[in-house]
S.K.: 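A single structure is presented below for examination.
Sequence positions, counted from 1, serve as the residue numbers for this chain. Order of appearance sets the numbers: ligands from 1, and atoms from 1 within every ligand.
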Amino acid sequence: MSKKVLEPLKSSLSGELTVPGDKSISHRAVIFGSLAEGTTEITHFLDGEDCMRTIDAFRAMGVEIEKDNQKIVVHGQGISSLAEPEQPINLGNSGTTARLLLGVLSGLPHHFVVYGDESLSRRPMDRVSIPLRKMGAEIDGRENGRLLPLAVRGGSLQNIAYETPVKSAQVKSAVLLAGLLAEGTTTVTEKTTTRDHTETMLRGFGGEITKQGDVISITGRQSLKAAKVEVPGDISSAAFFLAAGTLVPGSKLILKKVGLNPTRTGMLDVLTDMGARLDIINQRTVGGEAIGDILVEYSSLKGTTIEGEIIPRLIDELPIVALLASRAEGETIIRDAEELRYKETDRIAAVVDTLASLGADISATEDGMVINGGSSLRGAVVDSYGDHRIGMMIAIASLIASGQVVLTNHSCIGISYPDFFADLQKISTNLS
Ligand code: S3P
């Protein structure tokens with residue numbers, strides 16, 4: 001098992017970083033590039049394990065995809081060119097590949113088998129197989145199609161009007177992608193807005209999609225045209241350095257070209273609410289997505305309550321927000337975040353367990369956690385639970401712990417941030 005010994009930081013953090021490309025946008029760029037006709041060029045692609053699974057899945061269906069580090073070229077030949085793979089498709093650890101791909105496979109006249117690693121095999125897939133079956137796909141697997149491996153026989157789909165029972169962009173996107181391949185107009189109603197990269201990128205590939213109130217409509221059987229995609233930096237990766245800059249005394253960091261899509265910026269609102277010193281500069285729009293540079297400085301924090309509509313806007317940032325809360329003055333309450341239990345690991349249990357081992361005063365609730373701030377963190381041996389975001393949260397916690405932190409099982413960080421430790425080294429002076 002991989003193990004990393006992390007010593008407390010004896011200096012402050014300073015300098016500039018360009019964080020890796022956005023994971024959600026990278027997946028979608030490969031998907032739309034593969035469905036479109038023509039040559040799609042993607043730059044600043046996230047060169048992590050999850051996004052490789054999406055590339056490999058479309059390669060298995062015959063799409064020619066060239067990859068040179070963070071530059072991807074997809075030679076799309078349209079939806080009808082996608083062929084039946086000879087082998088089962090390995091989705092690895094990637095929930096986004098699994099859910100979005102199932103939407104696409106449902107609309108193709110072939111048979112597929114998809115499987116994932118241990119963690120993905122525990123995560124619920126019925127949230128997508130239920131609507132996709134309603135559209136006409138045949139999906140079966142363990143527990144009546146709730147768990148991977150799944151067998152899919154796709155084909156001619158009917159449109160549906162679907163109201164998503166879970167606050168999930170993956171579910172919304174799976175139905176929209178199936179809707180793109182289906183007959184007629186498919187609508188998805190979501191009561192709480194989730195990340196809208198699928199909708200934005202579809203327009204970038206020449207597709208038509210509308211939103212009225214909370215109803216999103218997509219016309220089926222549209223053909224898409226290749227596009228150039230410049231992937232913004234991932235705010236969910238930047239989040240770890242936003243936290244580091246805020247927590248380590250004397251620090252000042254600039255994070256460049258970070259995606260600032262309003263459906264993703266909940267952490268910035270929470271940080272501001274907690275009293276952090278943040279500034280956004282050079283704000284602009286690239287490919288329909290807002291981006292900018294974020295300046296962050298050390299500051300003392302106060303506790304807050306995080307609940308309701310903001311939750312999907314910072315769902316992946318809640319582990320690192322919990323660390324911030326452990327150092328804030330007063331109590332922080334996180335509610336309405338039961339979705340955390342269905343991530344790469346049960347993130348409520350993992351965050352509470354790891355932060356408590358490091359000395360935080362934190363307890364789990366059914367749909368969130370309660371953190372009494374102001375604790376000093378100490379060294380300990382802590383495991384990532386095989387979850388990249390838990391691993392990175394622990395690494396940032398180690399910067400302010402009083403003793404050595406031994407992080408076991410750290411290689412999962414490569415899922416979303418392969419150069420995480422190199423970037424951390426770049427902005428600090430005494431890390432080894
Ligand atoms: C994602 C949506 C979110 C998020 C995940 C990526 C996406 O998952 O946690 O990291 O790219 O659509 P849910 O849709 O399950 O909330």
S.K.: Taking D234 first and then R264, would you say they form a salt bridge - that is, a charged N and a carboxylate O separated by under 4.0 Å?
M.R.: yes
S.K.: Select one of side chain, backbone, both or neither to describe which atoms of H197 lie under 4.0 Å from any atom of ligand 1, heavy atoms only.
M.R.: neither
S.K.: Regarding atom 5 (C) of ligand 1: of the candidates D316, I25, D234, which has the closest heavy atom?
M.R.: D316
S.K.: Report yes or no: does a heavy atom of K172 sit under 4.0 Å from some atom of ligand 1?
M.R.: no
S.K.: Enumerate the atoms of ligand 1 whose separation from the nearest heavy atom of K343 is less than 4.0 angstrom.
M.R.: 3 (C), 4 (C), 8 (O), 9 (O), 13 (P), 15 (O), 16 (O)
S.K.: Show me which atoms of ligand 1 lie under 4.0 Å from any heavy atom of Q170.
M.R.: 1 (C), 2 (C), 5 (C), 6 (C), 7 (C), 8 (O), 12 (O), 13 (P), 14 (O), 15 (O)
S.K.: Counting from 1, what ligand 1 atoms have a heavy atom of A169 closer than 4.0 Å?
M.R.: 12 (O), 14 (O)
S.K.: Under 4.0 Å, heavy-atom basis, I'd like to know which part of R28 is in contact with ligand 1: side chain, backbone, both or neither.
M.R.: side chain
S.K.: What atoms in ligand 1 come closer than 4.0 Å to a heavy atom of S24?
M.R.: 1 (C), 6 (C), 7 (C), 11 (O)
S.K.: Start with the C-alpha distance between T54 and H27, add both sets of side-chain angles, then the distance that settles side chain to side chain donor-acceptor pair (under 3.5 Å), and finish with yes or no.
M.R.: CA-CA 6 Å; T54 298; H27 283 296; 2.7 Å; yes
S.K.: Do we get R347 above Y385's six-membered ring, with its NZ or CZ under 6.0 Å from the centre and within 45° of the axis?
M.R.: no
S.K.: Could you please spell out the steps behind the side chain to side chain contact (heavy atoms under 4.5 Å, CB included) verdict for F241 and V296?
M.R.: CA-CA 9 Å; F241 293 107; V296 62; over 6 Å; no
S.K.: Does NZ or CZ of K4 lie under 6.0 Å from the centre of the six-membered ring of F421, at an angle within 45° of the ring axis?
M.R.: yes
S.K.: Output every pair passing salt bridge (charged side-chain N to carboxylate O under 4.0 Å, His left out) with a member in residues 174-185, not counting sequence neighbours, ordered by first then second residue.
M.R.: E183-R221
S.K.: Which of the listed options, S94, S168, P124, G95, holds the heavy atom that is closest to atom 14 (O) of ligand 1?
M.R.: S168
S.K.: Going by atom types only, do T185 and N159 share a side-chain donor-acceptor pair under 3.5 Å?
M.R.: no
